[in-house]
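First the proteins, then the strands, lettered A, B, ... as listed; each starts at 1. A quick note: this is a predicted structure, and the numbers were derived from the prediction, not measured.
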Number of protein chains: 2
Amino acid sequence: RSQLEPNVDEYCNKVLDRDRMFLSKAITLIESNAPRHERSAGELLQRLLPHTGNSIRIGITGVPGAGKSTFIEAFGLMLCELGHRVAVLAVDPSSAIRGGSILGDKTRMEQLSKHPNAFIRPSPSEGTLGGVHRKTRETILVCEAAGYDVILVETVGVGQSEGIVRGMVDFFMMLAITGAGDELQGMKKGIMELVDAIIVNKADGDNVELAKKTAREFKQMLHFVQSPTNGWTPRALPCSSLKGTGMEDVWEIIQQFAKETKSSGVFESRRKKQAKDWLYSLIDARLQKLFFEHAEIKKLLPKMEHQVMSEEITVKKACDQLFTVFNGK
Amino acid sequence: RSQLEPNVDEYCNKVLDRDRMFLSKAITLIESNAPRHERSAGELLQRLLPHTGNSIRIGITGVPGAGKSTFIEAFGLMLCELGHRVAVLAVDPSSAIRGGSILGDKTRMEQLSKHPNAFIRPSPSEGTLGGVHRKTRETILVCEAAGYDVILVETVGVGQSEGIVRGMVDFFMMLAITGAGDELQGMKKGIMELVDAIIVNKADGDNVELAKKTAREFKQMLHFVQSPTNGWTPRALPCSSLKGTGMEDVWEIIQQFAKETKSSGVFESRRKKQAKDWLYSLIDARLQKLFFEHAEIKKLLPKMEHQVMSEEITVKKACDQLFTVFNGK
């Protein structure tokens, strides 16, 4: 068989055997747009499905400059040293809308990337929104099947990307930094309602006290906001990726979160709801595709648009005509 | 013929003749869910379409207690006295989520409702979101065909209703009130980005100075927000519905807005875009209906949902199975 036609058996076995090279290749297969890969990718995922789910899925957002890469490096290394297997689905700085230099591309998370317990997968530039690839959900599942028990999903928070990542993780946190009283200015609207924790990074050197103060302020603000997770009060705490301080506290909170939400059933019901929402969003995307890529619709739609905009026909009538064509075959 | 099968000719002629009773009946026809009315309603709208569009469409939002009814009564009466014909598509207080007493239901806009130049249409409770009926767009068109040149669309701002109303009007304003420094507290997120003007109501008695100050504060805030209308700087000004002061200023601003946006082309291009967006949202609703009301899908979907939530099959595979059935016939 050709190299382009992957053997699902082989992929499946190698991924379950934790073969990193095959894990990478499996993700590439899943991300592929080629129709001939789609069937294999679907089959592979179905076969891996029973081996997925045994991880804590953690989303991380933060403005450029908040130090997400250095945080993930420090946090990830600590987890690896504790014996965890850590997969990082990271924003490729060269592809993110603003952020990172070409140099950064190479040196980013250098230590973590060399650790045998870590697997770093940058998002390809194509098809991403804030680092969230349209196949990130599938990638999480494959990493879980390959035995990674901590999944970190990074987003730079462009567009709706935080909401998308919130919809695929168990725990969502924002990395913040201190500033001249305006640390809240750069915050995106609605972000507070999404987070289970806010980590104030760069709590080092002269900045320690200010970082603590900022964390306290965030904590107060979080009081006024509806928590995204039933029964969980969002936390705010300082840390230093540079010094490595506060990393245990972050992990402690995440473990506490997992313990509490698992015992209350919130963890499981969120995952179920996420799977259901994913199904509905996939149905929606498929319906759109079916309609807007329909050959006759593609011909008729510009005409209908024009007639509606120039008030020649009512919107209802234009819609009727389109669906007569769509249902015609 | 039966009374239930309306004669489109008669409706059309009577509406164009500005017969208020037939206008009411025409709107009832359009709002009807009965399939036998749908065809007539569609035909009527198509026939009226060449006579629509000659109005300024104004959206009005504001928290309960901001005095929307008294404002619309005072503002509408002034316009009627100036010779305008004013249609008010109003929230029925008995149907709105929070607001209004049973008494209020009867006395609301009492004077305006008696004016020969005014037409008030409360939204029926069924099918509304914040007073926005799914047929409000069509109702605007019918009112225009009946010669109303000022259309006021009221919303209580529940859910996404402001965005929906913004998508069907030329000019959108928010009615605000003064308070103990916290007049901004009750404001919905994102509302500032939707408004062309903020009117601070109840600028009367002891409250005049505070209302002026509040208007200035809003004006400053509006500086930091992207205007919804190209080339237009959103205004903030005080008024008193009780005393009738400031009403001319509001109308002056709306006229200036219409003049400027018509000469720049923004007025026309917004209307075109709104018609196009309406078409796309109708297509979307129709697609959803086609899929989710499909007999086979209705049977299969709960099963697929369950299997996805219990991780028996991948979301992709569930979606594939659903579409195999959907495309099967």
Option in L141(B), T52(B), I283(B) with maximal non-hydrogen atom pairs under 4.5 Å from chain A: I283(B)

Aromatic contact, F291(A) with F291(B) (centres under 6.0 Å): no

Backbone of F22(B) reached by a side-chain donor or acceptor of K14(B) within 3.5 Å: no

For chain A, the option from D284(B), I313(B), L45(B) that forms the most heavy-atom pairs under 4.5 Å: I313(B)

Pairs of heavy atoms under 4.5 Å with chain B: top-ranked of K272(A), R286(A), K317(A): R286(A)

Contact origin within K276(B) toward chain A - heavy atom pairs under 4.5 Å: both

Mutual orientation of the aromatic rings belonging to F292(A) and Y280(B) [parallel < 30°, tilted 30-60°, perpendicular > 60°]: parallel

4.5 Å side-chain heavy-atom contact, L279(B) and L322(A): yes

Heavy-atom proximity to chain B below 4.5 Å, by part of L301(A): side chain

Closest-packed option against chain A by number of heavy-atom pairs under 4.5 Å, given E43(B), K273(B), E38(B), Q46(B): Q46(B)

Polar side-chain atom of E193(B) near backbone of Q226(B) as donor-acceptor pair, under 3.5 Å: no

Steps toward side chain to side chain donor-acceptor pair (under 3.5 Å) verdict (R121(B), T28(B)): CA-CA 10 Å; R121(B) 178 77 181 193; T28(B) 303; 3.1 Å; yes

Greatest number of heavy atom pairs closer than 4.5 Å to chain A - which of E268(B), Q288(B), M304(B), E138(B): Q288(B)

Part of K316(A) within contact of chain B (heavy atom distance under 4.5 Å): both

Interface residue of largest heavy-atom contact number with chain A, from D320(B), V308(B), L49(B), under 4.5 Å: L49(B)

Identified salt bridge (Lys or Arg N to Asp or Glu O under 4.0 Å) counterpart of D170(A) within the set R270(A), R271(A), K262(A): R271(A)

Toward chain B, the part of L290(A) with a non-hydrogen atom under 4.5 Å: side chain

For chain A, the option from R137(B), M309(B), E311(B) that forms the most heavy-atom pairs under 4.5 Å: M309(B)

Whether R166(B) side chain and L194(B) backbone form a donor-acceptor pair below 3.5 Å: yes

Part of Q274(B) within contact of chain A (heavy atom distance under 4.5 Å): neither

